Number of protein chains: 2
Amino acid sequence: MADVAERAGVSTSTVSRTLRGLTTVSPEVRARVEQAARELNFAVSRQAASLVTGKTGTVAVLVPTLNAWFMGSALSSLAPVLRTAGMELTVYVIPDLAERAAFFDRLPARRNADALLVFSFDLTEEETDRLDTLGMPVIYVSQHVDGRPSVYVDDVAGALHGTRHLFNLGHRRIAFIKTVGASGFSFSSNERLVGYQQALAEAGIPRDDDLVAALPVGDERATTEALGRLLSLREPPTAIFAEQDEVAIAVIRALRRTHIDIPTQMSVLGFDDQPVADWFDLSTIAQSPSDLGREAGRLALQLIDGSEADHKRHIVLPTHLIPRATTAPFDRGERAADGELPHA
Amino acid sequence: MADVAERAGVSTSTVSRTLRGLTTVSPEVRARVEQAARELNFAVSRQAASLVTGKTGTVAVLVPTLNAWFMGSALSSLAPVLRTAGMELTVYVIPDLAERAAFFDRLPARRNADALLVFSFDLTEEETDRLDTLGMPVIYVSQHVDGRPSVYVDDVAGALHGTRHLFNLGHRRIAFIKTVGASGFSFSSNERLVGYQQALAEAGIPRDDDLVAALPVGDERATTEALGRLLSLREPPTAIFAEQDEVAIAVIRALRRTHIDIPTQMSVLGFDDQPVADWFDLSTIAQSPSDLGREAGRLALQLIDGSEADHKRHIVLPTHLIPRATTAPFDRGERAADGELPHA
DNA sequence: ATGAAAGCGCTAACAG
DNA sequence: CTGTTAGCGCTTTCAT
């Protein structure tokens, strides 16, 4: 900066003022300084600036992985929001429990960011308490945490609507497949189960835990076994609501292998509306991680600016049922041949 | 840090030395300092440290999007490499030309990172020259740039092997679908086309530009049209090599709609081996973005450490043919009925 | 509207 | 092994 000052024939203070866009610089001087800065390829060091301002000019995000549709979409829409505000984005990827412990032990984000966005982690009370000591706004994304700013999708309502859709199609035996993950993502899964149960309750269908299966995502074998359990029940389900599109697709593939036709013999409903849902013509509950990322970014910027009013704000985003080809009316007539009464 | 020093009854220098893990601290003092630091929830400010060391402790990556299998996988494996080395990761997302221009104009990474990884961008000479002025190692990932460190997949060989596979199955009319993107990704696409052409050349098949189509990714309509063009040729292809799995899947869906059977009437080959390739039982050329990310991270760390030897290193990663259900031998017998001679 | 000077929190010699 | 001292590059009073 000293170089620029010299070249422009002014003091470093003036250079600083110019480069920060303060209005207290005469147009003539401003031009000279900008010229000099350009010629010298000068860029202000955030490090040095933040040392005195106390602001780092960066927002940190804590994510379990980047290798997932949800995270990719959310961050892709978060990034431009931050960039527009002149903020940088630093990413902490916490794939397993060891890394997680290390992060919460050291809290490396401390003093190195102006705000932290925590994505999709199912945090313990202890962990949220620890984040409270960070000395910066912490926004919880894709989960709600009481008393802290959160941005999330209304998973309960989504699952409720999905289950209603199946009910409205005539299904009475509706299975739900939830996922269990080593690290994190389980929050939404639980909420969705709640929505499913609410829908059954309002329809007056008694709860049957045999119809609820839990699976690790991406475990083909476990999917097949869970499906086997459902298909060997005394009264097997006529519809399966999978709590994630990826699981729904695994189910579809397994059913196809057994030549159980979808949707005439089994309806399948997913949750997410990833691009692949369309490719498989999968009926699903759509959520928008892009909107989530965008809103989370905006909220973060607000909190950094210190609008204390929003310190406990919860932003809840909607879901939408996308009916495609894997859900269909349940035709009770089919079973009449087996001795059951139609419409029983 | 002064607080910690006072509480531990030592100087700030000693605190600094302790926290950086230097061995020149007596165990007794070290314990006291660590205790004090823990009690005060103290974390060193990277900002202040970097001001004097000249190292920022962060690696920057420049990516066109985060919303893509390739980027997600690459960054997910890059992140732990950096974290192990105590480095942070900052991400610049450049989705369009305006952002791109802004980035190269201002080069915000300057002085705010120790190295820059440039992913998948098809850069102009001017842009690479500009990056040379950054004053930090710049590693090109998923593309090679002469004279600069690069990490990429051998796209030419991958496409060569894929095309050979189709040739070996008896296909002689092999179409290639490349993608055109507004921003970036086209580099690999071009290389893959080269591999395809090499394979044809070595097989003695004359080049036929009618068999090469170009598409924007994700444009269903364009896919259908391109397919229509191929299917209405005087001698239509018997196999289609799509330069990305996503395009291959779009082709498969379009063919299914027309009831053209895969693979008996048309073989389809993809490139990438995304998870969805397995779901569609798509034969494809596998590449590993995870390996790419990992290697790129390692190289970055080496260059930061100043092993000048590697300043022009190129790391080329292999691809593998994954034969699945969408490629099959071309049965010329089928055409005999149309008057063609078998094995003609 | 501009400049001089005083730090921000830390590390890197240099002494001891 | 530890403390003292002098900045790193910037922003921010406070003068002018």
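This structure is a prediction, so every number in the text was calculated from the model and none was measured. Note on naming: letters A, B, ... go to the chains in the order of the sequence lines (proteins, then strands), and numbering restarts at 1 for each one.
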Set of ring pair (Phe, Tyr, Trp, His ring centres under 6.0 Å) partners for Tyr140(A), sequence neighbours left out: none
Just by modelled atom types, is the Pro318(B) backbone N or O under 3.5 Å from a matching donor or acceptor in the Asp154(B) side chain? no
Name all pairs fulfilling the salt bridge (Lys or Arg N to Asp or Glu O under 4.0 Å) condition that reach into residues 10-27 of chain B, sequence neighbours left out, sorted by first residue then second. none
Base contacts versus sugar-phosphate-only contacts with protein, heavy atoms under 4.0 Å: please encode nucleotides 10-16 of chain D as B, S and - from 5' to 3'. BSB----
Salt bridge (Lys or Arg N to Asp or Glu O under 4.0 Å) with Arg46(A): which residues, sequence neighbours excluded? Glu88(A)
Applying side-chain contact (heavy atoms from CB on, under 4.5 Å), name anything that partners Glu126(A), two or more places apart in sequence or on another chain. Thr124(A)
Would you list the pairs meeting ring-ring contact (aromatic ring centres under 6.0 Å, His included) in which at least one residue belongs to residues 98-117 of chain A, sequence neighbours left out? Tyr92(A)-Phe103(A)
With sequence neighbours left out, write down each residue that passes side-chain contact (heavy atoms from CB on, under 4.5 Å) with Asp3(B), or none if nothing qualifies. Leu40(B)
Determine whether more than 12 heavy atoms belonging to other residues, nucleotides or ligands lie under 6.0 Å from atom CG of Asp146(A). no
Under 4.0 Å from a heavy atom of chain A: give me the 5'-most and 3'-most nucleotides of DNA chain C that qualify. dA1(C) to dC10(C)
Using side-chain contact (heavy atoms from CB on, under 4.5 Å) as the criterion, list what pairs up with Leu82(B), not counting sequence neighbours. Val59(B), Leu78(B), Met87(B), Leu89(B), Leu301(B)
Looking at Arg298(B) and Glu295(B), is any side-chain nitrogen of the basic one under 4.0 Å from a carboxylate oxygen of the acidic one? yes
Results of side-chain contact (heavy atoms from CB on, under 4.5 Å) for Arg111(B) - residues two or more places apart only: Phe42(A), Ser45(A)
Within 6.0 angstrom of Glu6(B) CD, more than 12 heavy atoms from elsewhere: no
Proximity to DNA chain D (any heavy atom under 4.0 Å), residues of residues 23-41 of chain A only: none
End-to-end bend of the helix from dA1(C)-dT16(D) to dG16(C)-dC1(D) (five-pair axes, 10° rounding)? 30°
